[in-house]
Amino acid sequence: MTEGLQHMSRYSAAEIEAKWQEAWDKAEIFRASRSADKPKYYVLEMFPYPSGRIHMGHVRNYTMGDVIARYKLSTGHNVLHPMGWDAFGMPAENAAMAIGGHPKDWTYSNIADMRAQMKPLGLSIDWSREFATCDPEYYGQQQALFLDMLEKGLVYRKNAVVNWDPVDMTVLANEQVENGRGWRSGALVERRELTQWFFRISDFAEDLLEALDGLDNWPAKVKLMQANWIGRSRGLQFGFSLVDAPDGHDRIEVYTTRPDTLMGASFVGISPDHPLARQLEKDNADLAAFNAECRRMGTSEEELEKAEKKGFDTGLRVRHPFDTAWELPVYIANFILMDYGTGAIFGCPAHDQRDLDFANKYGLPVASTFEPEKPEDGFKRPEDGGAAYVPPKSEKVRYVKGFAGDELQSGEAAVEAAIDFCEANGVGQGVTKYRLRDWGLSRQRYWGCPIPVIHCEACGVVPEAKENLPIRLPDDVTFDQPGNPLDRHPTWRDCTCPACGAPARRETDTMDTFVDSSWYFARFTAPHATTPTDMAEAEYWMNVDQYIGGIEHAILHLLYSRFFARAMQLTGHLPAKAIEPFDALFTQGMVTHEIYQTRDANGRPVYHLPEDVEGGKLIATGETVEIIPSAKMSKSKKNVVDPVTIIRAFGADTARWFVLSDSPPERDVEWTAAGAEAAFRHLARVHRIVTEAAASDAAPNADDEALLREMHKAIHDVTSGVESFGFNAAIARLYAFTNTLSKSQAGGDARREAARALVQLMSPMTPHLSEELWSVLGGEGLVANAAWPQADEAMLVDETVIMPIQINGKRRAEITVPKDMDKSEVEKQALATDAVRKALDGAQPKKVIVVPGRIVNVVV
RNA sequence: GCCCAAGUGGCGGAACGGUAGACGCAGGGGAUUCAAAAUCCCCCGCCGCAAGGCGUGUGGGUUCGAAUCCCACCUUGGGCACCA
C-alpha cells in the first residue's frame, strides 16, 4: 500500500459527517411536499419528551425510523419524516419547584439542547415541520379540537376520584404516591372526588376492538393487549332485592360473567364508593371507618388488586333471585371497583379463588355448582378444602347445582344457557360490557393545554368562543407553593361569559398530556395550518405508513390516538381513510448497560458512570467496582452513555451502526464500549476496502462471477432485512459481504461494482460514510437520492446444493446434488452413503423423507 | 393480583417445523513490526484420547424431524387508566 493510499483511506468521521450533512441541507432533499408523481410514505417515530438530553434509546428509535425513511427515499417514494416535542408534563413543573425558574424556559431550553444533540445524527428529518406541543399555535388548535368534540357530545363532565394530598392540598399523580404517602409531604394519601372532564372513548369500545382485526401490520401482542384492555364480556345483569331495604335502595344491581354459578352464590359485595355504602356510612361509624380506610388506598388498579382483601358486613341481607327464602349477606369489599360493571358483585367461592379466600376469612358458605367431567385422582371440592375450581372456558364440566340438573356443558355454552334461563324467568338481562372506561382528561396542573371553557353562574359551563383561541397560559406564575398556579393567579381566571356577558371564571384545569400526543401525527401533515389540520394535506399524507416506538405505549397512547382519529373524523378534521391512523407499527426494545457500583462507608450503594470505569476499576482511584447485570439506562443508576460523547469519539455512523447491529430491533440491546469500538473499526475497514477497490487496476478474471453472485445475494438479503425490520440480520449479512469483497481476487471493475452495492446497502444505516465512499467510487449525485440496487434473480440460485442426510433425525452424512435432482434419485444416493448402509445393515428402511433442496431423513 | 412478551456458547445473537450456534464481541495461536498500535490468517458450544455422547430456562406432549407447535411451571421485562 502506498503512502498516498494510506492517507486517502483514513476514516475521519467528524470531517465526513459535517460535510455531508451540509450537502443534504443545501440540496433540501428531506423537505417534504405533496407530489403527484411519486407514492407518498410517512414514517414517524414517537416524538420525544424534552428532558434535556438525548439518550441511546432516542438514537435507536430515530435511527430505525431513519433507515426506513432513507430506504423509502431510495425506492422512489415521496417521504415525510418529521420531528417534534411532547413538551407539556409534570417534570417541567417539578424542575420549577426544585430549582426555580419557569417551566416554559426550562422546556424550550431543553428543546434547543436536544435539537442540537440530535442534528449530528444525520437524520433525514424535515425540520421545517418541527413543533412543540407547548407552542400556543399547537395547543390553540388542540383547544379548537376540544370545542368541536364538546359540540359533538364526545366530551362530558362527571365525578371521579383522584389521589389527594391533605397536607399539600394538591392532587397527586400515581407516580407521586409512594407507599400510600405523598412524595413531598409524606402525608397519607386520600381518595377524593372531583368533577372532571371525560372523553367518551367507551362509546367506541366495540369499534376500537373490532378494527384491531384490520391492523395487519401491527404486532399481534399489541393488538392482544388492546383487546384485553377494552375487555368485552358477555354476562348477566340482574338485581338482588334487599330484605328491610333502606331508603331508596330496594335492589342491588349486579353484573356477572358467570351467571351459571348463581346457585353457588355466597355473599354480595359492593364497592366502598357504591351509593348504598355511602348512604350506610351516615349512621354507622364502624362502617364509615372501614370505608375511610378503603379510600386511603391510591387509585391504581395494581394497588387495589395487590392489597389484602378486606370486607365489612353491612348487616343487610338480600334474597336469592331463584329462592326468596335464601338470604345472602351484603359486604362492602375493598377490592370492588365502582368504575367497572355496577360496582357490585355476587361472590361464588367455589369457582373464584379471591371469593374463596374472602369466604374463608369471614366464615361464609362454599357450595360447588359444577365439578370436572372426569375428576383427577385427589380432586377435592372447594367446600371440602380444595382450591376454587376454575375450569378453562372450553372445558366441559358436570353441573351439580345448575339450572337444569347435572348435564355436561362447556363454560361458554353454560353461560349462554344460564342467561337464557334467567331472562325466561324474569331475572335480569344478558348484556355486553366493556372494561374500557372513559378517558379522564382533567389535570389540576399548570403546564398543560388549558381546557377552553368558562364557568358562569347563570349559564353554567360555557365553551370559550373559537375566535378567542388560543387561551394562553399566563407567564407570570410561581411554583413556590404546591397546587395549581392557575388557581391562585390574580387575574387569569377572570373573564366574561361568552353567552350572557356577565363576569365569569375560566376553567383552571389543563389537559392530560396524552391529549397532546393523540393527534400530533395529523398535525405534522400541515404544521402551520390555521385550523387543526388541512384536509388536502391530511388526505395526501395520512396514514402514517410506519410508526415506531416503545412497547410501553402499547395500550394507552395508541388506543387514545385511535380514538382521536375517530373523533377528528366526526368533527371534520381527518378524512375517512385515517380512521386507523397507523398502518404499520413497530415496537422497539430498550438500550441497556451494565451497572457499576461501589459501597460507601455505611454500605449504601454508590453508582458510577461507565466513562469513569475501565477494566472493572474506577479510573480515578483504582477501586474495583461491582458489576450488576444490564438494565435500562437510567440516571439514577448512572448506567448511561451519552450519545454526544460517542458521536464525538467515533462519529454518528458508528453509533447508528452499533445500535442496529447487536440485537433484534424489538428486543433490548446492551450498549458495550467494546461493541462500539468494533463497529467503528468495521466502518474504517469498509472505508479502506472500498477505497482500495476504487483504485484497483486488476484485469477481469474468473473470480468476477463469484463476487457478483455474492453481491446479488447480499442485495437480496439486505433488502428483505430492511423491509422486515431485520436490521441486525441485514448488518450481519453486510459483514459477510464485506469479508467476501475483501478476500476476492476479482478484477477492478467487478470489485467496484460490488463496492458500489455495498456502499448503497449500507447507506440507510451509515449515510455519511456511504455518501463519502459513493463519491470516492465516482457515483453520480448523492447516494441518498440514488436508486436502490436490484438483485438479479438468476444470480441468486446455485446450481448444486448440499443436502444433509439424517438417520432417525440425527445428521449423519451429506451429499452434494444438482439443485433440481429428482426425489427418487436423491433417495437412491442417500441410501448409498456409508453411514446409511452401516445403519441399515442390509435391512430395508422403515421410511425415507426427502425434502427437495433441504434434507433427507432415513428412519430405520 | 391481572394482561402481554422474552429466555439459545464466556457475551450479543442467527436459524420458511429440516445440518443448532450465521455474523459480531471476548479469548487462544500465528504473520507483519526493532517494538507496539493498526492490519492480515487460523482456532473457538460442553464432555471425551477417540469412537461417540450431551446440548436452545424446567417438565411433559405432537411429529419422520421441535429453539420453532401444544400444555404446565420457573425467571426476567413491559403495562395496569394522573410518568411520558
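Just so we're on the same page: letters track the sequence lines, and every chain starts at 1.
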Which whole number of Å gives the distance between the C1' atom of B:rG65 and that of B:rU39?
-> 45 Å

Under the 6.0 Å and 45° cation-pi test, does A:Arg191 pair with A:Trp164?
-> no

Tell which nucleotide pairs with B:rG7, taking only Watson-Crick or G-U wobble pairs whose two distances are both under 3.5 angstrom.
-> B:rC74

Nearest-neighbour nucleotide for the A:Glu301 side chain, B:rG78, B:rG1, B:rC82 considered | B:rG1

Give one of base, sugar-phosphate or nothing for A:Ser517, where a contact means two heavy atoms less than 4.0 Å apart.
-> nothing

Ignoring hydrogens and angles, are the base of B:rC82 and the side chain of A:Arg445 linked by a donor-acceptor pair under 3.5 Å?
-> yes

Could you work out the separation of B:rC23 and B:rA72 based on their P atoms and round it to a whole Å?
-> 39 Å

Just checking A:Leu436: base, sugar-phosphate only, or nothing, at a heavy-atom cut-off of under 4.0 Å?
-> base

Watson-Crick or G-U wobble partner for B:rC80, using a 3.5 Å limit on both distances?
-> B:rG1

When we call it a touch if two heavy atoms are under 4.0 Å apart, what does A:Val171 touch: a base, just sugar-phosphate, or nothing?
-> base

Write down the distance separating the C1' atoms in B:rA66 and B:rG18, rounded off to the nearest Å.
-> 10 Å

In terms of heavy-atom contacts, does CD of A:Gln745 have more than 12 from other residues, nucleotides or ligands at under 6.0 Å?
-> no

Residue whose nearest RNA chain B nucleotide is more 5′ - A:Phe47 or A:Arg437 | A:Arg437

Out of B:rC83, B:rC23, B:rG18, which nucleotide sits closest to the side chain of A:Ile855?
-> B:rG18

Among B:rC80, B:rC83, B:rU19, the nucleotide that comes nearest once only the side chain of A:Leu556 is considered | B:rC80

Could you check whether A:Val859 gets within reach of a base, just the sugar-phosphate, or nothing at all, counting any heavy atom under 4.0 Å?
-> sugar-phosphate

By nearest-nucleotide position on RNA chain B, the 5'-leaning member of A:Gly809 and A:Asp86 is A:Gly809

With a 4.0 Å cut-off on heavy atoms, is A:Arg435 in touch with a base, just the backbone sugar-phosphate, or nothing at all?
-> base

Could you pull out the closest heavy-atom pair between A:Ile855 and A:Pro804, with the gap in Å?
-> CG1-O, 3.6 Å

Mind telling me if B:rG13 is syn or anti? Syn here is a glycosidic angle within 90° of 0.
-> anti

Which nucleotide in B:rA22, B:rG18, B:rC25 has an atom nearest any side-chain atom of A:Arg854 = B:rG18

Report which part of the nucleic acid A:Lys309 touches: base, sugar-phosphate, or nothing (heavy-atom distance under 4.0 Å, all strands).
-> nothing

Sugar-phosphate only, base, or nothing, as touched by A:Lys306 at under 4.0 Å among non-hydrogen atoms | base

Length of the CE-C1' vector between A:Met590 and B:rG79, whole Å | 13 Å

Pair A:Phe47 + A:Tyr520: ring centers closer than 6.0 Å | yes

Side chain of A:Ile849 (C-beta onward), nearest among B:rA84, B:rG1, B:rC64 | B:rC64

Within a radius of less than 6.0 Å around CG of A:Asn179, do more than 12 heavy atoms belonging to other residues, nucleotides or ligands occur?
-> no

With rounding to whole Å, what would you report as the distance between B:rU68 and B:rU63 at their C1' atoms?
-> 13 Å

Quick one: which of A:Leu209, A:Leu558, A:Leu215 gives a side chain to side chain contact (heavy atoms under 4.5 Å, CB included) with A:Gln226?
-> A:Leu558

Any A:Arg685 side-chain N or O less than 4.0 Å from OP1/OP2 of B:rC40 | yes

Between A:Lys221 and B:rA5, is there a side-chain N or O to OP1/OP2 distance below 4.0 Å?
-> no

Euclidean distance for P, B:rC74 against B:rG21 (whole angstrom) | 33 Å

Assign a letter to each nucleotide of nucleotides 6-14 of chain B from its 5' end: B, base within under 4.0 Å of a protein heavy atom; S, sugar-phosphate only; -, no contact.
-> -S----SSS

Considering only the P atoms, how many Å lie between B:rU56 and B:rG7, rounded to the nearest integer?
-> 14 Å

Report which part of the nucleic acid A:Gly675 touches: base, sugar-phosphate, or nothing (heavy-atom distance under 4.0 Å, all strands).
-> nothing

Counterpart base for B:rC54, defined by Watson-Crick or G-U wobble contacts under 3.5 Å = B:rG45

Closest to the A:Ala736 side chain, choosing from B:rC23, B:rU19, B:rA5 = B:rC23

Identify the nucleotide, in any strand shown, that forms a Watson-Crick or G-U wobble pair with B:rC16, with both distances under 3.5 Å; if there is none, say none.
-> none

Look at all strands and tell whether A:Gln353 reaches a base, only sugar-phosphate, or nothing, counting heavy atoms closer than 4.0 Å.
-> nothing

So which nucleotide does B:rG65 pair with, by the Watson-Crick or G-U wobble rule with both distances under 3.5 Å?
-> none

For A:Lys838, look at atom NZ and say whether over 12 heavy atoms of other residues, nucleotides or ligands are found less than 6.0 Å away.
-> no

Which is true for A:Val222 with a 4.0 Å heavy-atom rule: it touches a base, it touches only sugar-phosphate, or it touches nothing?
-> nothing

A:Phe358 six-ring centre to A:Lys309 NZ/CZ under 6.0 Å and within 45° of normal = no

B:rA81 phosphate, OP1 or OP2, under 4.0 Å from A:Asn174 side-chain N/O | yes

Just call it for A:Trp229: base, sugar-phosphate, or nothing, with non-hydrogen atoms closer than 4.0 Å on any strand.
-> base

Using a 4.0 Å heavy-atom cut-off across all strands, classify A:Ala678 as base, sugar-phosphate, or nothing.
-> sugar-phosphate

Give the nucleotide from the list B:rC41, B:rC3, B:rC23 with an atom nearest to the side chain of A:Asn228.
-> B:rC3

Any strand, both distances under 3.5 Å, Watson-Crick or G-U wobble: B:rU39 pairs with B:rA31

If you measure from the C1' atom in B:rA14 to the same atom in B:rG24, how many Å do you get, rounded?
-> 11 Å

Do the two ring centres, one from A:Tyr735 and one from A:Phe737, sit under 6.0 Å apart?
-> no

Minimum-distance nucleotide to A:Met225 side chain [options: B:rC4, B:rU19, B:rA84] = B:rC4

Tell me whether the OP1 or OP2 atom of B:rG24 has a side-chain N or O from A:Asn739 closer than 4.0 Å.
-> yes

Using the C1' atom on both, measure B:rC43 against B:rU33 and round to a whole Å.
-> 23 Å

Validation row, ring centre A:Trp439 to ring centre A:Phe198 under 6.0 Å | no

Report which part of the nucleic acid A:Gln444 touches: base, sugar-phosphate, or nothing (heavy-atom distance under 4.0 Å, all strands).
-> base

Choose from B:rA84, B:rC82, B:rC64 the nucleotide whose nearest atom is closest to any side-chain atom of A:His553.
-> B:rA84

So does A:Lys433 have more than 12 non-hydrogen atoms from other groups sitting under 6.0 Å from NZ?
-> yes

Evaluate side-chain hydrogen bond (donor to acceptor under 3.5 Å, both in side chains) for A:Gln176 paired with A:Asn163, printing each intermediate quantity in order.
-> CA-CA 9 Å; A:Gln176 297 172 313; A:Asn163 300 307; over 6 Å; no

Tell me which nucleotide among B:rA5, B:rC83, B:rU19 gets nearest to the side chain of A:Leu224.
-> B:rA5

What is the nucleic acid contact for A:Phe514, judged by heavy atoms within less than 4.0 Å: base, sugar-phosphate only, or nothing?
-> base

